[in-house]
Structure formats: C-alpha cells, structure tokens
Colleague: 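Pasting a structure here, questions to come.
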Amino acid sequence: MASKRKAAGASGRPSKRVASGVSTPVSIDSDDDYDSDSVDTDEDLSIGPNSAAPRKFDKVVDKYTPSAYVKKNTKAVHDVADSLFRADRDFSDLQLKPDHRLRPLWLDHIKGRVVLETFSPSFKQAQNFLINIAEPQSRTNNMHEYTITAHSLFAAVSVGLTEQDIVRQLELFSKTRLPESIIEYVHKVTRSFGKVRLVLKHNRYFVESNDASVLQMLLRDPVIAGCRVEETAELLTEKATKMGSLVIPGTKEAQGNKEAQARLEQQQQQKRQRHDNSDSESDDEFGGREAEKDMTEFLREEDDDDDEVDQVHSFEIDGGKIQTVQEHCNVQLELPLTEEYDFRADEQNATLDIDLKPATQIRYYQEHALSKMFGNGRARSGIIVLPCGAGKTLVGITAACTEKKSVIVLCTSATSAGQWRAEFIKWSNINPDDVIIFTSSEKGRVPNRACIIVCTYSMVTQNTRRAYDSQQTMDQITGREWGLMVLDEVHVVPAEMFRRVTERIKTHSKLGLTATLLREDDKIKDLNFLIGPKLYEANWLQLSEEGHIARVQCAEVWCPMTMEFHTEYIRAGTTNKRSLLSIMNPRKFQACQFLIDFHERRGDKIIVFSDNVYALKQYAEGLKKPYIFGDTGQRERDLVLQNFQFNDAVSTIFLSKIGDTSLDLPEATCLIQISSHYGSRRQEAQRLGRILRAKRRNDEGFNAFFYSLVSKDTMEMYYSSKRQAFLVDQGYAFKVITHLNGIDSMPDLRFAQQDERMTLLTDVLLQSETAGDEEKIVDDLFSDRATFRKAGTGGRKGAGVKRQAGTLASLAGGEDMAYLEYQRGSRSNKELAKPKSAFFAKEARDRERRKKAQRDMLE
DNA sequence: TAATGCGAAA
DNA sequence: TATCTTTCGCATTA
C-alpha cells in the first residue's frame, strides 16, 4: 500500500516538468503484459566483461560495472569502433516489443548504455526520467546517449526513486524487454546504498553503519584500513541515535526534544506557507510537500527495515583522509558513502537565528531542488544545477534558513563574496553582523556564536604563508564544526587546489551550486565524492518558456576567410598565428560591424566577447566602442559599465574573458562572440548566461540573441561545434548563418577595400610574430629591470608590450610583405637604440590616448 | 593604497 | 588532438 503511493509520488515528480511544460502527452501501455519468457535471456544477456572484471568487494556490490571495467581495460581490450559495432549487433539481437515505435529507449546491457530517440512521441517523459537515473554522455539531434552507473543510480536513490521505480520505468520506455542483467545491476547497486554513512561528530569523522559486517568488510580493504584512526581493533558500537525520533514532517512522532519539535513545527509551517505561495497556481499533485512526505515515509520504512538492531557501529577515520576514503568507496568499491545531516537533532552546534523574510517567495523549481535536499527531514549533501539568473543564491540562502546552523559560503571572487553577503541581508532577517566576509581585503573576525562566513576558495585553500590575521581567522574556521557549506560555482571544486576545502572545513552538509556542471577535463565526476550526487538540474529551455529566464536565439555566423588571410593561414606554422588570423579575418570584422549596427538599431544592448586581447582592441578601436580587459583599471571599468547601463548612446561594449566571470554585468540583450577559449563548453554557457537575466524577457515576443562568429575553413569551426555541445544538450538550436543580408550595401563597411585588408594582414602577421618573441624583446630591452613578467605567464605589463608591437606595425608601413620579413630581423636592434624613457613615455601616451578615446565615446 | 610578484585555473 | 593566454586572488613592498 504504502509502497504503491511512494512509487507514484517519486516517479511522478519528475514528470511535473512535462505536465507544466512542453510535452505532448502520450500514453504507452503498461509493460505488465510482457511475457518474461518471450526473449531467451540466458545466452544473449550474459554480461561479457563481468567475468573478467576484478572482484574486490563482491559481497557489497557485485561488479556489473561495465564502466569500471571498460575504464580500466579500454586501452588493452577495446577499441572504440569495435565496441560500437558490438553494441549495434547486440541491439539487433534483442527482440523488439510490438509497439516499439512508441518506446524511445535502446538498452545496451553490455555497457549500461542507454540510447534515447529524440523523435519519439514519449521523448520528453523518457528524458525526464533518464536525467534522474543516468549520466548524459552525448546528445545529438536524433539520439541521446546515457550511461547507467553506480553514481547515477546513487543520485536517483538519493532523490527518492526506488529500485522498483527505476526498473518499472526502464521497462516502460524500452523498445526491447529489459535485460535481466540491468535489472540485476539496479537491484544490487540500489540495495547497497545508504548502508554506510560518513558522519561528523564532535569534530571527528566516522564511518558508520547499522550493519557491522559491512564495516568489517570495508576494513579488510587496505586503503580504507589505512585511513582509520587506530584506537582499538574493535568497531565502536553504541546505541543508535534514534533515527525515528528525528522529527518527521506531518507526523506526531517527534519525541524527546520539545525544542526541536517546536522548531520543526514552525519550520514546517513556513515551508507550507512558502509552498502554498509559490505553487498555488499549479496543480499540487507533484508538489514539493507531497514529494517530501513520500520520501520521508520511504526513508523511514527503509530505516525500519534495516534497524532491527538499535545499535550502530562505526570506526573513526583521519579527518585529513576523508577524501581518500570517499573516493575509494565511490570509485573502487562503488559504495558511495551517504552524507546526511540530522540537523534537527543536533544540539551540539548552536542554532543560527535566520529566516527568510516573510515576503520572500521562492519559485517552484527552487522548492523542488530544496525538497530533494531536505526530502527526508535531514540535509543531504549534493549539487543543484540552475541556469544563471534563475536564483541560485536564493536556493543557498533558503537552505541556510532551513538548517539554521552555522554556514560557510565559498565563492570564486571577492566581488561575488560581497554579493552573497548582500543577498543574505536582502532575503533573510539575519543580523548583518552575523554575516562575515573573509577575503584578503576584508578579514572579519569569526565570532564564537553561530554565524555565516562568506569567503573565497583561494582564501581557504591557500598553502603559502598567510598574513597573521588571516591565519587567525583560518584557525577559527578549521577549528569548529559547520552545519552547512555552500559551494558557489561548484564546478571549480575538482581543481587541484580548491578540492582541499572539503577536507579542511569540517561540515555536516554540503550544497554545491552551479549553472554549468562541466569541465573540459574529466574531473567533474570527482564531485560525486567531493560533494555528493547531483540532486536537481533545471531545464534551461523550460525555464525560459516559463519566463524565468530569457528566450534566446542562437546563431553561428560563418565568415569566409579572405583569400589573403586564408593563404597566410595555410602557411602559418603555429596554432597561435593561425588562430589570430582567423579571429582577425576581415569578413568576420565586417559581420561584427554589421550585427552591431543591426542590433543597435533595434535598441539592443550588445556585449562583444573576445578572448584575444589584441583582437579585442583592434575591433573595439576600429568600431569606436569602449572596451574592458584585465589591464583596465577599476575606475575605467566602472565608467564603462555605468555608461553601458544608463547611457543610451553607449549600446555596445567589448569585453575580454574578464566578462566571463569576474564582472558584475548589467543586463544585455545581444551577445556577439568573436573569439573564445578553445572548445570550452562552460565558457559558452556562461556567456550565454549573460543575457538570460534580461528584464524585458517577459515582453511579448522578446528574444535575446547570441551570435558566434566563426571563420570558415579554420579550426574555429571545430571548436565552435564543441563549445555548443552543452547548450545543444539543453535544447538550444544553433542556426547557421552563411550570409548576412544587406552586409554588402552597408555604408562605412570596414575593410571593403583591398588595401585596407592588406594593412590589416600585415598588422596581424607582425603581431603574431612579436607575441612569441615578446620575452626576448623584453629581456633585451630591460634586462636590468625586473618589472616585466615573463611572457607565457602573461601579466599586466604584457599587454603594454603588445601595444608596442602594434606601433611597430605602423612603423613598418604595412603595405609590403617583403619589407616585413626584413623588418623582423632587425627589429630588436632598432628598439634597443631607443632610449627607455622614450619607450615609457610612449607607453604613457598610448594609455592616455586610449583612455581619452574611451571617455570621448562615453560622452 | 597602488604596484608588484606569485601561483593557480580555465 | 592538445592547445596557451589571460585573469584572478592573495601577499608583500614602498
């Protein structure tokens, strides 16, 4: 009975997206009528790699784990093509269900791979389900590919899906009968989850379980044993802290702690109010409260099942080695440690006086995300993914208001730290004195009472010697227990340095927030053990259809290379030179000019991004627009941004990658990208995020625009497609524009004449030459001064040197290639002949000129 | 308090 | 198929 209800609740929740969004309702017959004998499973469905797979931990998790096996043996055993073909053959061997056309999934039992047809009538439902239980691998136009892994199932279970839910829905969507091997795998994996917990108690970490045998087994593993704090050979055994006595929403069961109960009821009351407020217009069937109740019941039953004995067993592990233990459990043993914080029962740590302001309403998806975190009345660690502008900060703040314990917030920049503090004060009734910023420029003192600390990752992870006062503060931070750690931009955490936060700061729960759970290395999966499973991921397209973020038209503009540029591109030896040539392609410049003109007429606010600083300056100065890059002083930055925001005459600004993260940008409605960082999907998404906040987003027919300018027949084409992958996954469609109508008749079109283009080309060629020689020139010129940073590590002076290079180009006259070649050889001597003071004078003049030009534009 | 050096990230 | 430059924050120095 109960199980039926919980199944319905749990499986129903994801489909709310469908109900309120974009779907075409489709009905598929229930799978029950499939005869389990209709396919001969014995031979076809046996798991190939499994027999050879190393069995380290058979009793806890029987290794199906094709992924683990393949990972270890890929080089030796498989080649990709081979395995693809094998997979294909396997599909064809399986017998299709009669109505397979209605069902969108192909299941590959060899690798736990799932292929989803996007054109299927039940695509949406299937996708919403798959996102919960599997990791997206690739999502192209017609096919999406997912992998079912131990992590992904862990996340699914964490979020409240049961084994039955998973199997039932897989069967429902599958074109073929569900392979036994997959059923078996889901069974084994889900059954072992939640048995072992990582618990922080009185500043010490324990691995805890109700089942002593599981712990004994863990301790037989040398890695785990090595991380143990040896006090006794025995396990510690104590009375279970009454799990049942945790106050559970909607029950009268709370015993023992009246204060906790009172707190709880108050909390529930607020939750309900918020819930009613935010969800009142939509039907409530799948709402957070229902879901929460279901999950709570589900978890309680689980506990009841397991808790025959009311004893828990544990062993202590070295606090510095929790990462090792977690990683090992996750990756090698595939037995992720559960991290849940029973904050209501925690009387050790002081309560923080914080609540959302009464008028504050959170949006339904924020509620959803949080209900996954607090679903069972405890705080489970994990990651919430929301697009930029969708209110990540408020999610973090609401989490803090729910737990009401000391909070530590980590962010990437000092600016963002300030914003977090401001938001806390804006949305909650927290005493501003209790929100302390800890960055290098602002070192608040940590009080002994419960409080909120906002700091930067680098402040906490710093390894070199610290200033005296920051050491003081750090000691206070590491010396105490925190209730909640909020990790903003959590995708940075796997970085070598930043991942240390998880072992340095002792916290009972962790909430990771990000818009783009992406890295170009393969470390993103480390977040599974560093933080926890992905609890919730919003669908960008759905949020924009609902008006929470702006609708965006994306386009890739293909700009043919001019003949001369292409010739040089082919000739160029270094990738550096090549990329500069593609960026500076005159046709691209023209496209940029045209688009800016077009959108300025429409009244758009335009941001142009260029990763390459030389190109940034050339474009911006050529088009007489203000620009900001790393060297730009704070004053000038503010001036430009202010004007962009309030001055109608300034509709376009140019930004280097400074605009990706570290600038608090006013809203824009159009975005043009002329150069970017290789195939970084994160950067692409982050940039797109810059136009999602647009206030006009709810205007009838409003669209924001996102253009990527790409030079044809260059590497840019390749990178561009890579970069778009994430957004395509989110459902964005990139239009390809090969010709901009009216561009040829545009007045004042730059580089329309051959000689202009040649001048540009010589400039570019010289620039790309000097960029590489920079170090040499600098050393030659100023070997007695240590003021210049070495080239290659970049630096604030570096750009100054490049500006010098630009001057050289004009010296060269630029019309004659042969002259250029000659010039290159003799340049250093020529420069050396110049007195240094002249160089600096020139530098200063140059800077003045630039500043003045900017100011003029901003008038 | 502004400039500089350094290490790290993407 | 790996790439490399730009940027940041923190600490120190004058």
Side-chain angles (χ1 to χ4, degrees), chain A residues 80 410-418 437-443 455-471 473-474 489 491-501 514 516 518-524 573-580 582-583 609-617 627-635 637 655-663 675-687 715-716 718-719 721-723 767-768 770-772 774-775 785-802:
Chain A
V80 178
L410 292 156
C411 22
T412 45
S413 73
T415 322
S416 138
I437 288 191
F438 179 47
T439 60
S440 78
S441 52
E442 208 178 338
K443 292 162 186 156
C455 61
T456 54
Y457 285 101
S458 38
M459 202 66 192
V460 176
T461 53
Q462 179 93 14
N463 260 342
T464 55
R465 212 179 30 263
R466 297 160 177 282
Y468 176 75
D469 47 349
S470 67
Q471 184 59 55
T473 310
M474 257 319 276
E489 311 291 344
H491 57 262
V492 304
V493 172
E496 199 86 17
M497 276 323 228
F498 291 173
R499 62 169 50 199
R500 291 172 203 195
V501 291
T514 181
T516 47
L518 281 177
R519 312 183 114 243
E520 299 309 320
D521 55 25
D522 61 348
K523 287 185 187 148
I524 201 76
T574 63
T575 48
N576 237 336
K577 203 167 173 180
R578 288 190 163 194
S579 74
L580 195 64
S582 355
I583 298 165
F609 276 106
S610 167
D611 251 38
N612 184 298
V613 175
Y614 168 78
L616 180 83
K617 288 189 215 163
Y627 61 95
I628 301 176
F629 71 114
D631 280 11
T632 312
Q634 192 57 48
R635 272 253 170 71
R637 288 184 193 189
L655 302 176
S656 71
K657 64 197 210 168
I658 198 173
D660 292 347
T661 48
S662 25
L663 230 46
S675 90
S676 36
H677 188 81
Y678 300 99
S680 170
R681 296 165 294 165
R682 207 205 83 262
Q683 190 186 45
E684 188 100 343
Q686 202 125 27
R687 287 178 172 179
M715 287 301 281
E716 286 186 352
Y718 165 72
Y719 289 126
S721 61
K722 285 198 89 150
R723 292 170 61 78
Q767 161 62 26
S768 61
T770 44
E774 192 175 293
E775 180 173 6
R785 291 181 60 110
T787 45
F788 284 84
R789 208 190 284 210
K790 294 236 180 209
T793 58
R796 289 172 177 97
K797 278 293 172 192
V801 175
K802 277 186 198 148

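The figures here come from the full heavy-atom set of this structure, side chains too, leaving out hydrogens, waters and symmetry mates. We name chains A, B, ... by the order of the sequence lines, and we start the count at 1 in each one.
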Colleague: Taking salt bridge (Lys or Arg N to Asp or Glu O under 4.0 Å) as the definition, give me every residue that meets it alongside E442(A), ordered by chain and number, with sequence neighbours left out.
Modeller: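 Salt bridge (Lys or Arg N to Asp or Glu O under 4.0 Å) list for E442(A), sorted by chain: empty.
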Colleague: Could you tell me how far apart F498(A) (CZ) and dG9(C) (P) are, to the nearest whole angstrom?
Modeller: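 So the two atoms are 10 Å apart, to the nearest Å.
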Colleague: Which nucleotide in the set dG9(C), dC4(C), dA2(C) lies at the smallest distance from any side-chain heavy atom of M715(A)?
Modeller: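 The answer is dA2(C).
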Colleague: Can you identify which nucleotide, out of dA11(C), dA8(B), dT7(C), has its nearest atom closest to the M459(A) side chain?
Modeller: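 That would be dA11(C).
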Colleague: Can you tell me if S458(A) touches the phosphate of dG9(C), counting only side-chain N or O atoms and a distance under 4.0 Å to OP1 or OP2?
Modeller: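 S458(A) to dG9(C) OP1/OP2: no side-chain N or O under 4.0 Å.
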Colleague: So, is S441(A) near the phosphate of dC10(C), with a side-chain N or O under 4.0 Å from OP1 or OP2?
Modeller: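 For dC10(C), OP1/OP2 do not have a side-chain N/O of S441(A) under 4.0 Å.
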Colleague: At their closest point, which heavy atom of R499(A) faces which heavy atom of K523(A), and how far apart are they?
Modeller: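 So the two residues come closest at NH2-CD, 4.3 Å.
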Colleague: Counting the atoms with a prime plus P, OP1 and OP2 as sugar-phosphate, which does F438(A) contact under 4.0 Å by heavy atoms, base, sugar-phosphate, or nothing?
Modeller: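 Touches nothing.
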Colleague: Report the residue (S662(A) or T575(A)) whose heavy-atom-nearest nucleotide on DNA chain C is the more 5′ of the two.
Modeller: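 Taking each residue's closest nucleotide, the earlier one in sequence belongs to T575(A).
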Colleague: When we call it a touch if two heavy atoms are under 4.0 Å apart, what does N612(A) touch: a base, just sugar-phosphate, or nothing?
Modeller: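 If one applies the 4.0 Å heavy-atom cut-off, N612(A) turns out to touch nothing in the nucleic acid.
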Colleague: Distance check needed: dT5(C) P versus Q767(A) CD, whole Å only.
Modeller: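 Spelled out: CD on Q767(A) to P on dT5(C) is 11 Å.
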Colleague: Closest heavy-atom contact between H677(A) and R723(A)?
Modeller: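 Scanning both residues completely, I find the closest heavy atoms to be O-NH1, 3.5 Å.
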Colleague: Starting at OH of Y719(A) and ending at P of dT5(C), how long is that distance when rounded to a whole Å?
Modeller: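 From Y719(A) OH to dT5(C) P: 13 Å.
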Colleague: Could you check H491(A) against I524(A) for side-chain contact (heavy atoms from CB on, under 4.5 Å), going step by step and ending with a plain yes or no?
Modeller: CA-CA 7 Å; H491(A) 57 262; I524(A) 201 76; 4.2 Å; yes
Colleague: Without decimals, in angstroms, what is the distance between E489(A) CD and dA10(B) P?
Modeller: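 Checked: the CD to P distance equals 11 Å.
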Colleague: Mind listing the closest non-hydrogen atom pair of I437(A) and A417(A) along with its distance?
Modeller: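 Where I437(A) meets A417(A) most closely, the heavy atoms are CD1-O, 3.9 Å.
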Colleague: Show me the protein contacts with nucleotides 12-14 of chain C, counting only N or O atoms at under 3.5 Å.
Modeller:
none

Colleague: Below 30° counts as parallel, above 60° as perpendicular, anything between as tilted: where do the rings of Y678(A) and Y719(A) land?
Modeller: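 Because their plane-to-plane angle is over 60°, the rings of Y678(A) and Y719(A) count as perpendicular.
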Colleague: Out of dT7(C), dA9(B), dA10(B), which has the shortest distance to the side chain of E496(A)?
Modeller: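 Among the listed nucleotides, the one closest to the side chain of E496(A) is dA9(B).
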Colleague: Expressed as a whole number of angstroms, how long is the span from D611(A):CG to dT5(C):P?
Modeller: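 So the two atoms are 12 Å apart, to the nearest Å.
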Colleague: Between R578(A) (side chain) and G573(A) (backbone), is there a donor-acceptor pair under 3.5 Å?
Modeller: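 Not a single qualifying donor-acceptor pair exists.
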Colleague: From dT7(C), dA11(C), dA8(B), pick the nucleotide closest to the side chain of F629(A)?
Modeller: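 The answer is dT7(C), which lies nearest to the side chain.
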Colleague: Could you point out which residue of Q462(A), R465(A), R466(A) forms a side chain to side chain contact (heavy atoms under 4.5 Å, CB included) with Q471(A)?
Modeller: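 The residue from Q462(A), R465(A), R466(A) that satisfies side chain to side chain contact (heavy atoms under 4.5 Å, CB included) with Q471(A) turns out to be R466(A).
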Colleague: Give the nucleotide from the list dA2(C), dG9(C), dA10(B) with an atom nearest to the side chain of R682(A).
Modeller: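 Of dA2(C), dG9(C), dA10(B), dA10(B) is nearest to the side chain of R682(A).
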Colleague: Taking all atoms of both residues into account, what is the closest heavy-atom pair of R682(A) and T661(A), and its distance?
Modeller: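 What the structure gives for the nearest pair is NH2-CG2, 4.3 Å.
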Colleague: Any idea which of dG9(C), dA10(B), dT3(C) is nearest the Y678(A) side chain?
Modeller: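 It is dT3(C).
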Colleague: Please report the shortest heavy-atom distance between C455(A) and V460(A), naming the atom on each side.
Modeller: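 That would be SG-CG2, 3.5 Å.
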Colleague: What nucleic acid atoms does K443(A) come within less than 4.0 Å of, heavy atoms only: base, sugar-phosphate, or nothing?
Modeller: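 Result for K443(A) = sugar-phosphate.
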Colleague: Base, sugar-phosphate or nothing for R637(A)? Non-hydrogen atoms, less than 4.0 Å.
Modeller: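 If one applies the 4.0 Å heavy-atom cut-off, R637(A) turns out to touch the sugar-phosphate alone, with no base involved.
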Colleague: On a heavy-atom basis, which atom in Q683(A) and which in D611(A) lie closest, and how many Å separate them?
Modeller: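 Looking at all heavy atoms of both residues, the shortest contact is NE2-OD1, 3.0 Å.
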Colleague: Strictly under 3.5 Å: I want the nitrogen or oxygen pairs between protein and nucleotides 1-3 of chain B, one per line.
Modeller:
none

Colleague: Rounded to whole Å, how long is the line connecting atom OH of Y457(A) with atom P of dA10(B)?
Modeller: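 So the OH-P distance, Y457(A) to dA10(B), works out to 11 Å.
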Colleague: Return no unless some side-chain N or O of S470(A) is found under 4.0 Å from OP1 or OP2 of dA11(C).
Modeller: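 Yes, because at least one side-chain N or O of S470(A) sits under 4.0 Å from OP1 or OP2 of dA11(C).
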Colleague: Under 3.5 Å, is there an N or O donor on one side and an acceptor on the other linking the side chain of Y614(A) and the base of dT6(C)?
Modeller: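 Between dT6(C) and Y614(A), which were checked side chain against base, a qualifying N/O pair under 3.5 Å is absent.
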Colleague: M474(A) has an atom CE; how far is it from atom P of dA11(C), in whole Å?
Modeller: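 Rounded to the whole Å, the gap is 11 Å.
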Colleague: Without decimals, in angstroms, what is the distance between F609(A) CZ and dT5(C) C1'?
Modeller: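 Distance, rounded to whole Å: 17 Å.
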